[in-house]
There are 2 protein chains.
Amino acid sequence: MHGLIGKMKAAPGQRDALIAILLEGISGMPGCLSYVVARDPADADAVWITEVWDSVEHHKASLSLPQVQAAIAKARPIIAGFDTHIVTEPVGGHGLSV
Amino acid sequence: MHGLIGKMKAAPGQRDALIAILLEGISGMPGCLSYVVARDPADADAVWITEVWDSVEHHKASLSLPQVQAAIAKARPIIAGFDTHIVTEPVGGHGLSV
């Protein structure tokens, strides 16, 4: 499996709008086993995204899906930047579903 | 929802043993929506754990469950330390299941 843990900063006051766009874009992504969007309670503009994919290839391919392309285009103006970006190798657990 | 992103270090050479113990201990935890255990490809002793709970209370209560207590006791001798510990507020996504 292929995992990502990332922190993204929204433009000031735009976090909820950014989260709504992220949640719209993620349905029906082949090979996506988990995709969780979370607020950072210690940072009013920060969003954490944790992802698990069955393969690197499916994650890469997801970036070309129409709904993901649309979400990226819509989100770009309200993304202030990217912080943490960690690649992991998930081995198991609970809540991994196709 | 209540989320945790944590990095733990195993004693040298004990990462796979630690992961096996973690995966044994997590089945049937009330209120646990997601619990993913992952290797860090950049650090041979590091394990990432990402968790989503329906509430802080269920997460706290999980630490008293017999199988979790057993896993903690078994894992303690091969845990070298804890690094990152981030609390999040998950708002949605894919792979959140009771």
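Proteins come first, then strands; the chains are lettered A, B, ... in the order of their sequence lines, and each starts at number 1. Not measured: the values here are computed from a predicted model.
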Next item on the list: Kindly say whether B:C32 contributes a backbone atom to a donor-acceptor pair with the side chain of A:H94 at under 3.5 angstrom?
Entry: yes

Margin query: In this structure, would B:Y35 and B:F82 fall into the same cluster of hydrophobic residues linked by side-chain contacts under 4.5 Å?
Written below: yes

Margin query: Applying side-chain hydrogen bond (donor to acceptor under 3.5 Å, both in side chains) as the test, list every pair that has at least one member in residues 72-90 of chain A; sequence neighbours left out.
Written below: A:E24-A:K74

Item checked: Distance, nearest 0.5 Å, that separates CD1 of A:I5 from CG of B:D40 -> 8.5 Å

Checklist line | Steps toward side-chain contact (heavy atoms from CB on, under 4.5 Å) verdict (B:S97, A:S97) | finding: CA-CA 9 Å; B:S97 55; A:S97 55; 5.5 Å; no

Check: Given the options B:P41, B:S34, B:G93, which has more heavy-atom pairs under 4.5 Å with chain A than any of the others?
Finding: B:P41

Margin query: Which residues pass the side chain to side chain contact (heavy atoms under 4.5 Å, CB included) test with B:L65, not counting sequence neighbours?
Written below: B:M29, B:P30, B:S62, B:Q67, B:V68

Next item on the list: Could you state whether B:V56 and B:L4 fall into the same hydrophobic cluster, counting links through intermediate Ile, Leu, Val, Met, Phe, Trp or Tyr residues with side-chain heavy atoms under 4.5 angstrom apart?
Entry: no

Next item on the list: Among the options A:T50, A:L33, A:I26, A:V37, pick out the one with the most heavy-atom pairs lying under 4.5 Å from chain B.
Entry: A:V37

Next item on the list: Indicate, with yes or no, if B:M8 and B:I21 share a hydrophobic cluster defined by side-chain heavy-atom contacts under 4.5 Å among Ile, Leu, Val, Met, Phe, Trp and Tyr.
Entry: yes

Notebook entry, point to check: Side chain, backbone, both or neither: which part of A:L23 has a heavy atom under 4.5 Å from chain B?
Noted result: side chain

Note to self: With a 4.5 Å cut-off on side-chain heavy-atom distances among I, L, V, M, F, W and Y, is there a chain of contacts connecting A:V52 to B:V47?
What the structure shows: no

Check: What part of B:V91 gets closer than 4.5 Å to chain A, counting heavy atoms only: side chain, backbone, both or neither?
Finding: both

Next item on the list: Check the hydrophobic clustering (I, L, V, M, F, W, Y; side-chain heavy atoms under 4.5 Å; chains of links allowed) and say if A:W53 and A:V87 are grouped together.
Entry: no

Item checked: Contacting region of B:I86 [heavy-atom separation from chain A under 4.5 Å] -> side chain

Item checked: chain B contact via A:V36 - which portion, at a heavy-atom distance below 4.5 Å -> both

